[in-house]
Colleague: 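Here it is, the structure in full.
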Amino acid sequence: MKPTIGITMGDAAGIGPEIIVKALKEEDVYRTCSPLVIGDAKMLERALNVTQTNLEIHPVQTAAEAKFEYGTIDVLDLDLLPADLPFGQVSAEAGNAAYQYLAKSIELAKAGEIQSICTAPLNKEALHLGGHLYPGHTEILAALTDTEDFSMMLTTPNLRVIHLTTHMGLIAAIESITPERTYTVVKLAHDTLSKAGFDKPRIAVCGINPHAGENGLFGNGEEEEKLAPGIARAAAEGIDVTGPYPADTLFFRAGRGDFDIVVACYHDQGHAPIKVMGIEDGVNITVGLKGGIIRTSVDHGTAFDIAGKNIAGEASMLAAIRSAIELAPKR
């Protein structure tokens, strides 16, 4: 039975509606899943005009009303935004709506009405103006599912990265890393890849300092204090994990196939290699949500500068939908 994938619209002032429409004109999507957009029908209608796409918008109030037929885009219509919402502008209305779409998707996932969530990008400034003080999607999802041990995983066709820390300043990020956090994220990486069919996933942990500290030459012993004990604990449980390794060579090694996934210590350490190696095919996955809820996302932002211009490409959205299908629990 095909999984139902809930696709949240994100910030409708950005490229979210456009890339959703472009992705759902691909017939292969409907062969492998039942896509249900969660957002505003009028924003999708506008996106059809912008992209000159000949599809029909079918507003519904429940998932049971959806047709799931190619040529028709089913949208669970929350009707939160004005039809003339300006493109490319930060607004409290769009920020609040993006949050409400995500909250609705969690409600549907908990009820078993959708099997995975795939999210279009939101704008953090707009989110805050709308009264929702979260750093991003990952933290909202964790809060709405009462999840404490979670992480952000990024994937491209040749590289996978999972993060010890994400949306915080570099000094605060390093201070927050503990052996327990290192162990937890290594185990999340192992469990996630194992469920996806990897036989004994090979996990490499990246160092914090240049050259992974060079045996105490750089830094203040962070590798020995914060990383090594967590690595050793996971290895003692039979997990194939090694490191810490220097960042300047590790991502190259992982990209050529030496490892299945890299544990990055902070946001840019993990994001930069992913975006260099495949930003158009990148997927953001939230790992460890309670209830086994699967969430994937495009690995790019709202692109306010090109919103409404029919420039944005749908490759990352299609990749995120494919990942949501692959990771969805079987029914």
Colleague: Is atom CG of Leu133 surrounded by more than 12 heavy atoms (other residues, nucleotides or ligands) closer than 6.0 Å?
Modeller: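 It does: Leu133 CG has more than 12 such atoms within range.
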Colleague: Within a strict 4.5 Å, meaning less than it, do heavy atoms of the Leu78 and Leu76 side chains meet?
Modeller: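 Contact flag for Leu78/Leu76 side chains = yes.
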Colleague: May I have the step-by-step check of side chain to side chain contact (heavy atoms under 4.5 Å, CB included) for Asp240 and His190, ending in yes or no?
Modeller: CA-CA 8 Å; Asp240 185 354; His190 174 268; over 6 Å; no
Colleague: Do Leu80 and Tyr134 sit in one hydrophobic cluster, given that two such residues count as connected whenever their side-chain heavy atoms are within less than 4.5 Å of each other, even indirectly?
Modeller: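 Leu80 and Tyr134: one cluster.
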Colleague: Strictly distance-based, threshold 3.5 Å: is any side-chain N or O of Lys2 a donor or acceptor partner for the main-chain N or O of Ile325?
Modeller: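 Not at all, since once roles are kept as given, no pair shorter than 3.5 Å links the two residues.
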Colleague: Checking Lys42 against Asp77 for the salt bridge (Lys or Arg N to Asp or Glu O under 4.0 Å) test, could you report, in this order, the C-alpha distance in whole Å, the side-chain angles of both residues, the deciding distance, and whether it holds?
Modeller: CA-CA 9 Å; Lys42 65 177 78 70; Asp77 186 16; 5.4 Å; no
Colleague: How far apart are the closest heavy atoms of Ile203 and Ala189, and which atoms are they?
Modeller: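 Heavy-atom minimum between the residues: CD1-CB, 4.2 Å.
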Colleague: With side chains defined as the heavy atoms from C-beta onward, is the minimum distance between Val161 and Pro273 less than 4.5 Å?
Modeller: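 Side-chain contact under 4.5 Å: no.
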Colleague: Taking all atoms of both residues into account, what is the closest heavy-atom pair of Gly288 and Thr147, and its distance?
Modeller: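 That would be O-CG2, 3.2 Å.
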Colleague: Measure the spacing between CG of Asp74 and NE2 of His58 and express it to the nearest 0.5 Å.
Modeller: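 Going from the CG atom of Asp74 to the NE2 atom of His58 covers 6.0 Å.
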Colleague: If we only count heavy atoms from C-beta on, is the Glu222 to Ile174 side-chain gap below 4.5 Å?
Modeller: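 Sidechains of Ile174 and Glu222: in contact.
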Colleague: Does the pair Lys309/Glu18 count as a salt bridge with the N-to-O cut at 4.0 Å?
Modeller: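 Looking at Glu18 together with Lys309, the answer is no, because their closest N to O distance does not fall below 4.0 Å.
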Colleague: Answer yes or no: is there a donor N or O on one side and an acceptor on the other, between the side chain of Lys226 and the main chain of Ile177, under 3.5 Å?
Modeller: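 A pair under 3.5 Å: yes.
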Colleague: Just by distance, no angles: are the side chains of Glu223 and Asn209 close enough, under 3.5 Å, to form a donor-acceptor pair?
Modeller: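 Note: Glu223 and Asn209 side chains meet the donor-acceptor criterion.
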Colleague: Can Arg295 and Thr119 be counted as having a side-chain donor-acceptor contact under 3.5 angstrom?
Modeller: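 Yes, because at least one side-chain N or O of Arg295 sits under 3.5 Å from a partner of the opposite role on Thr119.
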Colleague: Is there a chain of hydrophobic side chains (I, L, V, M, F, W, Y, each step under 4.5 Å between heavy atoms) that links Phe87 to Ile19?
Modeller: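 No, Phe87 does not connect to Ile19 through the hydrophobic network.
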Colleague: Among Leu188, Thr286, Thr138, Val263, find the one that has a side-chain contact (heavy atoms from CB on, under 4.5 Å) with Ser151.
Modeller: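 Testing each of Leu188, Thr286, Thr138, Val263 against Ser151, the sole residue satisfying side-chain contact (heavy atoms from CB on, under 4.5 Å) is Leu188.
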Colleague: Does any part of the side chain of Thr192, heavy atoms only, come nearer than 4.5 Å to the side chain of Ile162, both counted from C-beta?
Modeller: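 A side-chain contact is absent here, since even the closest heavy-atom pair is not under 4.5 Å.
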Colleague: Measure the shortest side-chain to side-chain distance between Met1 and Gln115 over non-hydrogen atoms and say whether it is less than 4.5 angstrom.
Modeller: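 No, every pair of side-chain atoms sits at 4.5 Å or beyond.
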Colleague: Hey, does the side chain of Asn123 reach the backbone of Ala126 with a donor-acceptor pair shorter than 3.5 angstrom?
Modeller: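 Yes, Asn123 side chain to Ala126 backbone: donor-acceptor pair under 3.5 Å.
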Colleague: Could you check whether any side-chain N or O of Tyr99 sits under 3.5 Å from a backbone N or O of Ala94, counting only pairs where one atom can act as donor and the other as acceptor?
Modeller: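 Side chain of Tyr99 to backbone of Ala94: no pair is present.
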Colleague: For Pro121 and Val298, work out which heavy atoms get closest and say how close.
Modeller: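 Taking Pro121 first and Val298 second, the nearest heavy atoms are CD-CG2, 3.5 Å.
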Colleague: Measure the spacing between CD of Glu26 and CD1 of Ile321 and express it to the nearest 0.5 Å.
Modeller: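 It comes to 9.5 Å.
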Colleague: Would you sort out whether His137 and Asn284 count as a side chain to side chain contact (heavy atoms under 4.5 Å, CB included), showing the intermediate values?
Modeller: CA-CA 10 Å; His137 271 116; Asn284 182 324; over 6 Å; no
Colleague: Classify the ring geometry between Phe259 and Tyr245 as parallel (under 30°), tilted (30 to 60°) or perpendicular (over 60°).
Modeller: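 Aromatic pair Phe259/Tyr245 classed tilted.
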Colleague: Determine whether Phe150 and Val262 fall in the same hydrophobic cluster, where Ile, Leu, Val, Met, Phe, Trp and Tyr are linked whenever their side-chain heavy atoms lie under 4.5 Å apart.
Modeller: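 No, Phe150 and Val262 fall in different hydrophobic clusters.
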Colleague: Please determine whether side chain to side chain contact (heavy atoms under 4.5 Å, CB included) holds for the pair Met153 and Ile261, giving the CA-CA distance in whole Å, both sets of side-chain angles, and the decisive distance to 0.1 Å.
Modeller: CA-CA 9 Å; Met153 179 185 291; Ile261 191 167; 3.5 Å; yes
Colleague: Using 0.5 Å steps for rounding, measure from the CZ atom of Phe251 to the CD1 atom of Ile274.
Modeller: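 Between Phe251 CZ and Ile274 CD1, I get 8.0 Å after rounding to 0.5 Å.
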Colleague: How long is the span from the CG atom in Leu81 to the OG atom in Ser91, to the nearest 0.5 Å?
Modeller: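 One gets 7.0 Å once the value is rounded to the nearest 0.5 Å.
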Colleague: Parallel, tilted or perpendicular for His267 and His163, by the 30°/60° rule?
Modeller: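 Judged by the thresholds at 30° and 60°, the geometry between His267 and His163 is tilted.
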Colleague: Search all heavy atoms of Val29 against all heavy atoms of Leu318 and return the closest pair with its distance.
Modeller: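 Looks like CG2-CD2, 3.7 Å.
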Colleague: Please check this pair: side chain of Arg181 against backbone of Leu164, looking for a donor-acceptor N/O pair closer than 3.5 Å.
Modeller: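 Indeed, once roles are kept as given, a pair shorter than 3.5 Å links the two residues.
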Colleague: Does Ala320 offer a backbone N or O that forms a donor-acceptor pair with the side chain of Ser297 under 3.5 Å?
Modeller: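 Looks like no, no N/O pair under 3.5 Å.
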Colleague: Set out, in order, the CA-CA distance, both residues' side-chain angles and the distance that settles side chain to side chain contact (heavy atoms under 4.5 Å, CB included) for Phe68 and Leu36, then state yes or no.
Modeller: CA-CA 8 Å; Phe68 298 133; Leu36 175 66; 4.1 Å; yes
Colleague: Distance from Ile57 atom CD1 to Arg46 atom CZ, nearest 0.5 Å?
Modeller: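 If we round to the nearest 0.5 Å, Ile57:CD1 and Arg46:CZ are 13.0 Å apart.
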Colleague: Hey, quick one: are Ile20 and Ile311 part of the same hydrophobic cluster, counting side-chain heavy atoms closer than 4.5 Å, chains of contacts allowed?
Modeller: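 Both belong to a single hydrophobic cluster.
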Colleague: Could you walk me through whether Glu107 and Lys104 pass the salt bridge (Lys or Arg N to Asp or Glu O under 4.0 Å) check?
Modeller: CA-CA 5 Å; Glu107 178 185 321; Lys104 185 65 175 180; 3.0 Å; yes
Colleague: Please tell me if the side chains of Thr166 and Glu139 come closer than 4.5 Å, counting only heavy atoms from C-beta onward.
Modeller: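 Yes - at least one pair of side-chain heavy atoms lies under 4.5 Å apart.
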Colleague: What's in the same ILVMFWY side-chain cluster as Val90, cut-off under 4.5 Å, chained through other members?
Modeller: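 For the cluster that includes Val90, the remaining residues are Leu129, Phe304.
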Colleague: Within the 4.5 Å heavy-atom criterion, are Ile208 and Pro244 side-chain neighbours or not?
Modeller: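 Side chain of Ile208 against side chain of Pro244, heavy atoms only: no contact under 4.5 Å found.
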Colleague: Tell me, yes or no, whether the heavy-atom count around Asp191 atom CG, taken from other residues, nucleotides or ligands under 6.0 Å, exceeds 12.
Modeller: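 Enclosed.
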Colleague: Nearest 0.5 Å, what's the OH-CD1 distance between Tyr101 and Ile117?
Modeller: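 Going from the OH atom of Tyr101 to the CD1 atom of Ile117 covers 15.5 Å.
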Colleague: Do Tyr30 side-chain atoms and Gly71 backbone N/O form a donor-acceptor pair below 3.5 Å?
Modeller: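 No; judged by distance alone, with no hydrogens or angles, the pair does not exist.
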Colleague: Does any donor atom in the side chain of Thr4 or Ser34 lie under 3.5 Å from an acceptor atom in the other side chain?
Modeller: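 Thr4 vs Ser34: no donor-acceptor pair found between side chains.
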Colleague: So which heavy atom on Leu122 is nearest to which on Ala98, and how close?
Modeller: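 Reported closest heavy-atom pair: CB-CB, 4.1 Å.
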Colleague: Contact between Cys118 and Met317 at the side-chain level, heavy atoms closer than 4.5 Å - yes or no?
Modeller: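 Yes, side chains in contact.
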Colleague: List the atom of Val21, the atom of Leu48, and the distance in Å for their closest heavy-atom pair.
Modeller: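 Residues Val21 and Leu48, closest heavy atoms: CG1-CD2, 3.5 Å.
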Colleague: Do you reckon Tyr183 sits in the same ILVMFWY cluster as Leu227, going by side-chain contacts under 4.5 Å, direct or chained?
Modeller: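 Different clusters.
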